[in-house]
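If you're wondering where the values come from, they're calculated on a predicted model, not measured in any experiment. Order of appearance sets the numbers: ligands from 1, and atoms from 1 within every ligand. In this chain, residues are counted from 1 in sequence order.
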Amino acid sequence: MKRPILGIETSCDETGVAVYDLATGLRAHALYSQIALHAQYGGVVPELASRDHVRKLLPLVRQTLAEAGIGVRDLGGVAYTAGPGLVGALLVGAGVGRALAWALEVPAIGVHHMEGHLLAPLLEDADLKPPFVALLVSGGHTQLIAVRAIGDYELLGETLDDAAGEAFDKTAKLMGLPYPGGPHLAALAERGTPGRFTFSRPMTDRPGLDFSFSGLKTQVLLAWQKSDQSDVTRADIARGFEDAIVDTLASKCERALEAAGMDSLIVAGGVGANLRLRAKLQSLTQRRGGRVSFPRPAFCTDNGAMIAHAGALRLAAGLYDGASVDVRPRWDMAVLPPLGGKTGIRNRK
Ligand code: KG4
Ligand code: ZN
């Protein structure tokens, strides 16, 4: 299937649309962020997110098709995020995606959001092939996964409480930074002095590949409350917090590579845009004689390109979905069928 695939992402607070085909790669993509809408509430308001997806999705689809220089009739399939995510937001993308596919008589592919993230490094790195260890670090997930083949995922470890992105967001919020805190906190950390504040590297002092980040924000809260709360102190605390998260993620990545007996690491999800994490993992993998691959920062955070790409790969393997509009707000990636064996139509009911 070399015809272009339309990809639709609406799982949270970003409407993303893209056109991708396996022969030429990414042909167009567009993103509308709802950050300004939710910022006044300090976090995502699910009902407002759904309504804004309804307003923005079709105009974005038209714009992206025009940029790709194709019409709807040229599409060979429609991929949309089927989960995990906010149920109302997911239903907007699933409803539009399924309806469009039905009208055009092409397959609809319900993509797992985290598989979209996980495969995003392959979008622009032609040499990258499994096996590799994937570090998935987003607002809702922190997972280490052994990828033996595309679609063959073994969970090695995950967070027992807050995700890394969530820890960034909550910590930023308690120091008065605007939503979404992660990128703001990271920018502030650039001006901070390393070592003035030191926070623990949770769960690195014992074996295992799980994470726990919820205690860190309490440590930051105590340090912040006891401090002079000046701009300089805020930046120094941000730097201490970022170093703690980055060191913890890097140390578990190294363990995961050893446990899986693999040399290559890929990093995906919003926190993968963090420059200090990228630099640290680069030097770690170089030291080990392996390599690390990241999507460009814009494809680390939510986007339509990763959904069109994952959908194109699944469709090429003969995997697509039935006609019912069906989303999965919670969905374990380990239950996805591998792409190796053709299973034809797969209805999730
Ligand atoms: O993957 P994503 O866009 O959405 C989810 O699927 O969750 O990830 C968003 C998360 C947010 O928690 C955000 O604060 C964090 O990624 N993030 C960052 C950076 N850019 C985004 N965290 C640290 N440093 C960054 N530069
Ligand atoms: Zn995401």
Nearest protein heavy atom with distance in Å, relative to atom 12 (O) of ligand 1:
D169 OD2, 2.7 Å

Is R288 paired with E258 through a side-chain N to carboxylate O contact shorter than 4.0 Å?
yes

Salt-bridge criterion met for R27 and E67 (N-O under 4.0 Å):
no

Using a 3.5 Å cut-off on N or O atoms only, is H113 in polar contact with ligand 1?
yes

Check this for me: R330, atom CZ, are more than 12 non-hydrogen atoms of other residues, nucleotides or ligands nearer than 6.0 Å?
no

Any N/O pair T301/ligand 1 closer than 3.5 Å:
no

The Zn ion (ligand 2) -> H113, closest N, O or S atom is NE2

Counting heavy atoms only, name the option from G139, A167, S33, A187 that's nearest to atom 7 (O) of ligand 1.
G139

Nearest candidate to atom 2 (P) of ligand 1, where distance is taken over non-hydrogen atoms, out of V137, V271, D302
D302

Tell me, which N, O or S atom in D302 is closest to the Zn ion (ligand 2)?
OD1

Within a distance under 4.0 Å of any heavy atom of H117, pick out the atoms of ligand 1 and give their elements.
1 (O), 6 (O)

Between D236 and R239 (salt bridge meaning N to carboxylate O under 4.0 Å), is one present in this structure?
no

Under a 4.0 angstrom heavy-atom cut-off, which atoms of ligand 1 come close to G140?
7 (O)

Option of least heavy-atom distance to atom 22 (N) of ligand 1 (set: G182, C300, A186):
G182

Aromatic ring proximity H29/Y20, centre distance under 6.0 Å
no

Identify the protein heavy atom lying closest to atom 18 (C) of ligand 1, giving its residue, its atom name and the separation to 0.1 Å.
G270 O, 3.8 Å

Return yes or no for this condition: an N or O of G165 is under 3.5 Å from an N or O of ligand 1.
yes

Taking D162 first and then K170, would you say they form a salt bridge - that is, a charged N and a carboxylate O separated by under 4.0 Å?
yes

Strictly below 4.0 Å, N to O, side chains only: are D247 and K280 in salt-bridge contact?
yes

Below 4.0 Å from ligand 1: does a non-hydrogen atom of P183 turn up there or not?
yes

Under 2.8 Å from the Zn ion (ligand 2) - does any N, O or S atom of H141 fall there?
no

Check D125 with R291, please: is the shortest side-chain N to carboxylate O separation under 4.0 Å?
yes

Do T171 and W224 have side chains that get closer than 4.5 Å, going by heavy atoms?
no

Under 6.0 Å between ring centres, would you say that holds for F168 and F241?
yes

Nearest protein heavy-atom contact for atom 24 (N) of ligand 1: which residue, which atom, what distance?
N274 ND2, 3.0 Å

Determine whether any heavy atom of M114 lies closer than 4.0 Å to an atom of ligand 1.
no

